[in-house]
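A quick write-up on the structure given underneath.
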Amino acid sequence: MTRLLVNVPSAIVLAIRSGAPVVHLHDPELVVGIPFLRLLQRRVIFDAHEDVPEQVLDKPYIPHFLRRAASELSKLLVRLGGMADAVIAATPIVALRYPAHKTTVVCNFPILRAAELTLTPLTERPRRAVYIGVVSEERGSTVMQRATHTPAFPDDWHVALAGACYPAAHGDDLRGDGRLTIHGLLDPESARDLLLASRVGLVVLHPTRAYQQALATKMFEYLAAGLPIIASDFPVWRDILAGYDCAIFVDPEDPDAVAAAMAKYASNPALLETHGSTARRAAVERFNWAREEPQLLAVYQSLGLESRD
C-alpha cells in the first residue's frame, strides 16, 4: 500500500521536476502518470515486462474472489500504458496488449561477459544444479528441494538456490541435510559466477498463466554460462529453444521428473557436454543483449532522440 500511495506519486513528481524531455517508465503502476506527463509535452516510453491482466489471476496474495476484478482493473492500466509515445514489450505475447504501431519487442537477454569467453568443461565443475532468482514455491523451490530426496537424485550431486526467499521464512522450510544450499540474495555478477561453477541450470517454474507465457531471464543467463537446462515443459519455452538441443523439459510439479533429468545428465557426460556447448552457441548466436539493443535504440531515435555512448 505504501508503494501505491507514496512511492508512485513521489516517482511521478520526480519525473516532472526533473525536466527530462523523455521519461522511461518500467513499473505498471506508474502508468497513471502518463497522461500528466503527456500534457506537459514529455515524451514517454512505457516498458511492459508482464501480461499483467493474466498475471494477477494467479497472485497468491490476492483473494480468489477479487482476482477477476483485479484483472479488469489491470486492463485499465494497460490502456493507460498504451497512451505512451512508445511501448517496449519484453515478449511478443506482452506486445499483443498494446497498439501495434507504437510497440517494439525487446527481449531481456543478458550481456555476454568476458568471464564466459573461456568456459571450464562441465565435467570439471562441481556436481551442482543451480537456480538463480526469487526462491518461492511457485518458482519451483519446494519441487527442487523434494527432488533431492527422491530415489533418482544422483548421490554425489546437490542443488544450489541463489536469491531472496519469498516469503522470508520459506528458506527455513527448504533447509535440510546438505543436498540443497541456499545462498541468499547475490549481486548479479556473483550470481552469474555461481553458474560458471555449476553443471546444470534449473528453471522449473510452476504452470501459472504468467510463467507459461514469460521468457525467464535466468534461462538465458544459464545459456550464457554454457549450462544445459532442466526446464518446465511449456510450449513457449520449447518454441524459443527450437533448433538448440540444450534442454530437458519436465513436469515442473513432479520432483521425480526433475531428479530423473539431473540423473540423466549425471550418468551421461557426453550428453552433458553436448547440451552445454549447444547452450553456449545459442547464447552467442541469438539470446544476448547485443542482438536486442538496436531495437531499443531505434525506439529512441524514432522519437527524435539521439542515442549517446
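The analysis underlying the following values was restricted to heavy atoms, covering all of them including side chains, and did not include hydrogens, waters or symmetry mates. Sequential numbering from 1 along the given sequence is applied to the chain's residues.
Atom CD1 of I111 sits in a sparse spot, with 12 or fewer heavy atoms from other residues, nucleotides or ligands closer than 6.0 Å.
Here the CG atom belonging to L215 is positioned 5.5 Å from the SG atom belonging to C107, to the nearest 0.5 angstrom. A distance of 9.0 Å separates CZ of R113 from CD of E221, quoted to the nearest 0.5 Å. The structure places CZ of R43 at 8.0 Å from OG of S302, a figure rounded to the nearest 0.5 Å. From R97, atom CZ reaches atom OG of S74 across 9.0 Å, with rounding to the nearest 0.5 Å. In this structure, Y166 OH and E138 CD are separated by 8.5 Å, a value rounded to the nearest 0.5 Å. In this structure, CZ on R192 lies 7.0 Å from CG on L112, to the nearest 0.5 angstrom.
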Step-by-step salt bridge (charged side-chain N to carboxylate O under 4.0 Å, His left out) determination, R42 to D85: CA-CA 9 Å; R42 307 293 178 83; D85 294 281; over 6 Å; no

Output, in order, the C-alpha distance, side-chain angles, deciding distance and verdict of side chain to side chain contact (heavy atoms under 4.5 Å, CB included) for L161 and R139. CA-CA 11 Å; L161 310 181; R139 292 173 173 85; over 6 Å; no

Quick one, L80 with F46, criterion side chain to side chain contact (heavy atoms under 4.5 Å, CB included). Give me CA distance, side-chain angles, the key distance, then yes/no. CA-CA 10 Å; L80 286 172; F46 175 53; over 6 Å; no

I would like to know whether V94 and H49 meet side chain to side chain contact (heavy atoms under 4.5 Å, CB included); could you show each step before the answer? CA-CA 7 Å; V94 171; H49 294 264; over 6 Å; no

For a side chain to side chain contact (heavy atoms under 4.5 Å, CB included) check, start with the C-alpha distance between V236 and T91, then their side-chain angles and the critical distance, and finish with the verdict. CA-CA 11 Å; V236 169; T91 72; over 6 Å; no

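The shortest heavy-atom contact between M83 and P35 is CE-CG, 4.0 Å. For the pair A152 and A263, the tightest heavy-atom approach, listed with the atom from each and the gap, is O-CB, 3.3 Å. Across all their heavy atoms, A129 and M262 have their closest contact at CB-SD, 3.6 Å. Summarising the geometry of A261 relative to V250, their closest heavy-atom pair is CB-CG1, 3.9 Å, with the distance given to 0.1 Å. Annotation for L196 and A115: closest pair CD1-O, 3.9 Å, computed over non-hydrogen atoms. The two residues L122 and P228 have their closest heavy-atom pair at CD1-CD, 3.5 Å.
Using a distance-only test at 3.5 Å, with no hydrogens or angles considered, no donor-acceptor pair links the side chain of R125 to the main chain of A197. When atom types are taken as modelled, the side chain of H206 and the backbone of E253 share no donor-acceptor pair closer than 3.5 angstrom. Side-chain atoms of Q212 come within 3.5 Å of backbone atoms of P207 as a donor-acceptor pair (strictly under, hydrogens ignored). Not a single donor-acceptor pair under 3.5 Å links the side chain of T274 to the backbone N or O of L271. For the pair W157 (side chain) and R179 (backbone), a donor-acceptor distance under 3.5 Å is absent. Remark: side-chain polar atoms of S232 are paired, donor with acceptor, to backbone N or O of L205 under 3.5 angstrom. In this structure, the side chain of D27 does not engage the main chain of E29 through any donor-acceptor pair within 3.5 Å. Judged by distance alone, the side chain of R291 and the main-chain N or O of E285 form a donor-acceptor pair under 3.5 Å. Side chain of N7 to backbone of S10: no donor-acceptor contact under 3.5 angstrom is found.
Considering only heavy atoms from C-beta on, L241 comes within 4.5 Å of M219 through its side chain. W237 has its side chain out of reach of I229: every pair of non-hydrogen atoms, C-beta onward, lies at least 4.5 Å apart. Counting only heavy atoms from C-beta outward, the side chains of L37 and I16 approach each other to under 4.5 Å. F109 is not listed as a side-chain neighbour of L223, based on a closest heavy-atom distance of 4.5 Å or more. Residues R127 and P154 form no side-chain contact, since every pair of their non-hydrogen atoms from C-beta on lies 4.5 Å or further apart. The side-chain heavy atoms of Y131 and L180, taken from C-beta on, include no pair separated by under 4.5 Å. Side-chain atoms of Q213 and D51, non-hydrogen and from C-beta on, never get closer than 4.5 Å to each other. By the 4.5 Å heavy-atom criterion applied to side chains, V299 and H24 are not counted as neighbours.
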Check: residues 99-106 side-chain donor-acceptor pairs under 3.5 Å, at least two apart:
unit_1: K102; atom_1: NZ; unit_2: G82; atom_2: O; d: 2.9
unit_1: K102; atom_1: NZ; unit_2: A84; atom_2: O; d: 2.9
unit_1: T103; atom_1: OG1; unit_2: P99; atom_2: O; d: 2.6

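Residues forming a salt bridge (Lys or Arg N to Asp or Glu O under 4.0 Å) with D187 (at least two apart in sequence, or on another chain): none. Residues passing the salt bridge (Lys or Arg N to Asp or Glu O under 4.0 Å) test with R128, sequence neighbours excluded: none. With sequence neighbours excluded, no residue satisfies salt bridge (Lys or Arg N to Asp or Glu O under 4.0 Å) with D245. Under the salt bridge (Lys or Arg N to Asp or Glu O under 4.0 Å) criterion, D239 pairs with no residue at all, not counting sequence neighbours.
Screening residues 250-273 for ring pair (Phe, Tyr, Trp, His ring centres under 6.0 Å), with sequence neighbours left out, gives Y265-H275.
Side-chain heavy atoms closer than 4.5 Å link hydrophobic residues (I, L, V, M, F, W, Y) into clusters, and following such links, possibly through other members, connects V8 to L40. By the criterion of side-chain heavy atoms lying less than 4.5 angstrom apart, applied directly or through intervening Ile, Leu, Val, Met, Phe, Trp or Tyr residues, L272 is grouped together with F249 in one hydrophobic cluster. Cluster annotation: L119 and V200 are assigned to distinct hydrophobic clusters (Ile/Leu/Val/Met/Phe/Trp/Tyr, side-chain heavy-atom contacts under 4.5 Å, transitive). Note: the hydrophobic cluster containing Y244 also contains I240 (ILVMFWY, side chain heavy atoms under 4.5 Å, direct or indirect links). Follow the hydrophobic side-chain contacts under 4.5 Å out from L227 and you reach L186 in the same cluster.
Using a cut-off of 4.0 Å between Lys/Arg side-chain N and Asp/Glu carboxylate O, E72 and K75 are scored as salt-bridged. Between E292 and R286, at least one side-chain nitrogen of the basic residue sits less than 4.0 Å from a carboxylate oxygen of the acidic one, meeting the salt-bridge criterion.
F220 and F287 have tilted rings, their planes meeting at an angle from 30° to 60° on a 0 to 90° scale.
Side-chain contact check for E273 and T123: at least one donor-acceptor pair (N or O, by modelled atom type) lies under 3.5 Å.
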